[in-house]
Novice: 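If you scroll down you'll find the structure; I have some questions about it.
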Amino acid sequence: METDFPWLETCDAHTHAHDDVEHLKEIANLKTNKICLMGTRLEDLDVVSKLATDFQMKVIPCFGFHPWFCHLLSLENEPESKVHYRTILKDIGPKDPSRSNYLEEFIDSLPSPKPFDVWHNKLENLLETHPNSLLGEVGLDKTFRLRDQESKQLSKVQTTMQHQTAILEKQLDLAAKYKRAVSMHCVQSTGAITELLNRRINEREPLPPRICLHSFGGSVDTIKFLTKQTKKKEGVSVDIYFSFSVVINGKYDRLPDLIKAVPEDRLLIETDYHSPFGLDHYMARIIKLVSEAKEWTEATTVEKTRKNFIKFVGKTI
């Protein structure tokens, strides 16, 4: 790192540091100045809420339901468990008679889905309780397979894109209602997300003011298309940001090209890390990578991404 590195200006746009439940107090000792702490499921939303209260100067709380867990959420207030799962899950394994009961057995192992009013009211209440909060982590994932409840290994079961999209749209409605920015997971789904945004704009359905495609792994062309101009029509608009991490993007040979393609006023940095221990290390590494790609000093990278961060979260920090 450069001499006199400006840690007090660094902003992590996406992290799950609270997953390391035994070391939550270490969040206070981070050199990184601000962190967007991402909730992903019903079980961790209250943890994020408490940490935002305990570390008000450090944590910006983010509440949402990740596509990896959205199969547990129903769109009905009185869901029938098996009907719900049969409707929204699919078996992508081989068509072999010996595994004809595979999906039914998998469904039998799952907990009862959460009724719509339970999870939706919970999310809305948290957004209301924390006026500085964002929506996240939400999104779409075309490749993820659910984990087996016993072995914890990846199964051959996926949540349909139709259900993922329906859950995402309900959450985007709340972000639009409360004018909150969104941190979005997007794996092999840039086309679906672009289509969703275009449809809502064309039909004049409300959208959040800003969306960040976090740890973005799509194409340079997608970046150029989504940042070419503000997506807008008759009062409905959304600004798209892009963020990168070493944890997810560090293995991409094309990472420098992706970073270069993002306009300097739409670029964010993140760790996407799951513990306070090591978070500063990953912040330093992504700052270095961005600086090299953009041919900036590290101080310039921190300055520019902090300015973007303030615009993205929509608050003075």
Side-chain angles (χ1 to χ4, degrees), residues 1 5 7-8 10-73 109-111 114 118-119 122-123 125-127 129-130 132-139 141 144-155 183 185 187 212 214-215 243-251 268-287 309 313 317:
M1 302 299 287
F5 184 79
W7 278 110
L8 289 177
T10 54
C11 300
D12 183 349
H14 190 107
T15 182
H16 302 275
H18 62 292
D19 283 355
D20 186 355
V21 294
E22 294 182 2
H23 299 104
L24 296 179
K25 291 182 179 179
E26 295 300 323
I27 289 174
N29 299 322
L30 290 171
K31 293 179 182 179
T32 299
N33 184 244
K34 300 288 182 183
I35 62 173
C36 284
L37 205 56
M38 296 286 152
T40 58
R41 56 199 183 280
L42 209 56
E43 290 78 13
D44 74 346
L45 298 185
D46 286 333
V47 176
V48 172
S49 178
K50 184 177 187 306
L51 291 171
T53 301
D54 292 347
F55 307 115
Q56 293 182 32
M57 301 303 292
K58 179 77 67 176
V59 171
I60 294 175
C62 308
F63 304 108
F65 295 96
H66 194 288
W68 293 358
F69 306 108
C70 73
H71 63 291
L72 300 170
L73 309 178
S109 72
L110 295 172
K114 295 298 180 184
V118 170
W119 67 262
K122 176 72 172 182
L123 181 56
N125 288 340
L126 286 167
L127 292 173
T129 300
H130 296 271
N132 68 327
S133 62
L134 311 184
L135 180 75
E137 177 180 3
V138 302
D141 192 320
F144 181 73
R145 292 175 285 143
L146 303 184
R147 291 192 180 276
D148 185 277
Q149 295 292 292
E150 293 184 5
S151 70
K152 304 305 180 186
Q153 299 297 309
L154 292 176
S155 71
S183 188
H185 177 101
V187 174
C212 176
H214 100 92
S215 287
S243 187
F244 301 97
S245 69
V246 170
V247 169
I248 301 299
N249 304 120
K251 60 182 178 291
L268 298 169
I269 53 176
E270 61 171 270
T271 62
D272 201 15
Y273 200 57
H274 293 259
S275 173
F277 292 121
L279 188 146
D280 288 332
H281 166 73
Y282 284 108
M283 275 299 286
R285 287 184 60 189
I286 192 60
I287 289 166
F309 184 90
V313 301
I317 60 175

Novice: Report the C-alpha distance between His130 and Ser49 in whole Å, list the side-chain angles of each, state the deciding distance to 0.1 Å, and finish with yes or no for side chain to side chain donor-acceptor pair (under 3.5 Å).
Specialist: CA-CA 8 Å; His130 296 271; Ser49 178; 2.7 Å; yes
Novice: Can you pull out every salt bridge (Lys or Arg N to Asp or Glu O under 4.0 Å) where at least one residue sits in residues 37-53? Sequence neighbours excluded, please.
Specialist: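 Sorted pair list: Arg41-Asp44, Asp46-Lys122, Lys50-Asp54.
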Novice: List the steps and the verdict of side-chain contact (heavy atoms from CB on, under 4.5 Å) for Leu24 and His18.
Specialist: CA-CA 6 Å; Leu24 296 179; His18 62 292; 4.0 Å; yes
Novice: For residues Leu72 and Pro111, report the shortest heavy-atom separation together with the two atoms involved.
Specialist: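 Between these two residues, the closest heavy atoms are CD2-CG, 3.8 Å.
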Novice: Any side-chain heavy atom of Ile269 within less than 4.5 Å of one from Asp12?
Specialist: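 Result no, sub-4.5 Å side-chain heavy-atom pair not found.
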Novice: What's the spacing between Gln149 CD and Ser109 OG if we round to 0.5 Å?
Specialist: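 Between Gln149 CD and Ser109 OG, I get 4.5 Å after rounding to 0.5 Å.
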Novice: What's the spacing between Leu8 CG and Thr32 OG1 if we round to 0.5 Å?
Specialist: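 Between atom CG of Leu8 and atom OG1 of Thr32 there are 10.5 Å.
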Novice: Distance from Asn132 atom CG to Cys36 atom SG, nearest 0.5 Å?
Specialist: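 The CG atom of Asn132 sits 9.5 Å away from the SG atom of Cys36.
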Novice: Determine, step by step, whether Thr271 and Val246 satisfy the side-chain contact (heavy atoms from CB on, under 4.5 Å) criterion, reporting the C-alpha distance in whole Å, the side-chain angles of both residues, the deciding distance to 0.1 Å, and the verdict.
Specialist: CA-CA 7 Å; Thr271 62; Val246 170; over 6 Å; no
Novice: Before you tell me yes or no, could you show the steps for Ser215 and Ser245 under side chain to side chain donor-acceptor pair (under 3.5 Å), namely the whole-Å CA-CA distance, both residues' side-chain angles and the distance that decides it to 0.1 Å?
Specialist: CA-CA 5 Å; Ser215 287; Ser245 69; 2.8 Å; yes
Novice: With side chain to side chain donor-acceptor pair (under 3.5 Å) as the test, would you mind laying out the steps for His274 and Asp20 before giving the verdict?
Specialist: CA-CA 6 Å; His274 293 259; Asp20 186 355; over 6 Å; no
Novice: Specify the closest pair of heavy atoms between Lys31 and Asp280, including all atoms of both residues, with the distance to one decimal.
Specialist: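 Heavy atoms only, the tightest pair is N-OD2, 2.9 Å.
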Novice: Could you please spell out the steps behind the side-chain contact (heavy atoms from CB on, under 4.5 Å) verdict for His71 and Leu146?
Specialist: CA-CA 9 Å; His71 63 291; Leu146 303 184; 3.6 Å; yes
Novice: Nearest 0.5 angstrom please: Asp272 CG to His14 NE2, how far?
Specialist: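 Here the rounded value is 4.5 Å.
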Novice: Go through the structure and list residues passing side-chain contact (heavy atoms from CB on, under 4.5 Å) with Lys58, not counting sequence neighbours.
Specialist: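 Ile27, Leu30, Ile35, Phe55.
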Novice: Is the shortest heavy-atom distance from the side chain of Tyr273 to the side chain of Met283 under 4.5 Å?
Specialist: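 With C-beta onward as the side chain, the pair stays apart.
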Novice: If you compare all heavy atoms of Ala13 against all heavy atoms of Phe309, which two are closest, and at what distance to 0.1 Å?
Specialist: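 That closest heavy-atom pairing would be CA-CE1, 3.8 Å.
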Novice: Would the distance check show the side chain of Lys114 and the main-chain N or O of Leu42 forming a donor-acceptor pair, the cut-off being under 3.5 Å?
Specialist: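 No.
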Novice: Using 0.5 Å steps for rounding, measure from the CG atom of Leu279 to the CD atom of Glu270.
Specialist: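 Here the rounded value is 10.5 Å.
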Novice: Evaluate ring pair (Phe, Tyr, Trp, His ring centres under 6.0 Å) for Phe277 paired with His23, printing each intermediate quantity in order.
Specialist: CA-CA 8 Å; Phe277 292 121; His23 299 104; 4.8 Å; yes
Novice: Taking all non-hydrogen atoms of both residues into account, name the closest pair between Gly136 and Met38 and its distance.
Specialist: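 For Gly136 versus Met38, the nearest heavy atoms are C-SD, 3.7 Å.
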Novice: If the test is ring-ring contact (aromatic ring centres under 6.0 Å, His included), which one of Phe69, Phe63, Phe65 qualifies with Trp119?
Specialist: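 That would be Phe65.
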Novice: Is there side-chain contact between Thr40 and Leu45, with heavy atoms separated by less than 4.5 Å?
Specialist: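 SC-SC contact between Thr40 and Leu45 ruled out.
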Novice: Rounded to the nearest 0.5 Å, what separates atom CD1 in Ile248 from atom CD1 in Ile286?
Specialist: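 Ile248 CD1 to Ile286 CD1: 11.0 Å, rounded to 0.5 Å.
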Novice: Is any side-chain heavy atom of Pro61 closer than 4.5 Å to one of Leu37?
Specialist: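 No, side chains not in contact.
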Novice: Search all heavy atoms of Pro276 against all heavy atoms of Ala17 and return the closest pair with its distance.
Specialist: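 Answer, listing the atom of Pro276 first, then Ala17: CD-O, 3.5 Å.
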Novice: Might you work through the side chain to side chain donor-acceptor pair (under 3.5 Å) test for Trp68 and Asp141, ending with a clear yes or no?
Specialist: CA-CA 8 Å; Trp68 293 358; Asp141 192 320; 2.9 Å; yes
Novice: Any donor-acceptor pair under 3.5 Å linking the side chain of Ser151 with the backbone of Asp148?
Specialist: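 No.
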Novice: Between Val138 and Gly64, what is the shortest heavy-atom contact and its length?
Specialist: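 Minimum heavy-atom separation between Val138 and Gly64: CG1-CA, 4.0 Å.
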Novice: Using a distance-only test with no angle check, is there a side-chain donor-acceptor pair under 3.5 angstrom linking Ser183 and Glu137?
Specialist: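 Side-chain D/A pair, Ser183 to Glu137: absent.
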Novice: Show your working on side-chain contact (heavy atoms from CB on, under 4.5 Å) between Leu134 and Ile60 and close with a plain yes or no.
Specialist: CA-CA 8 Å; Leu134 311 184; Ile60 294 175; 4.3 Å; yes
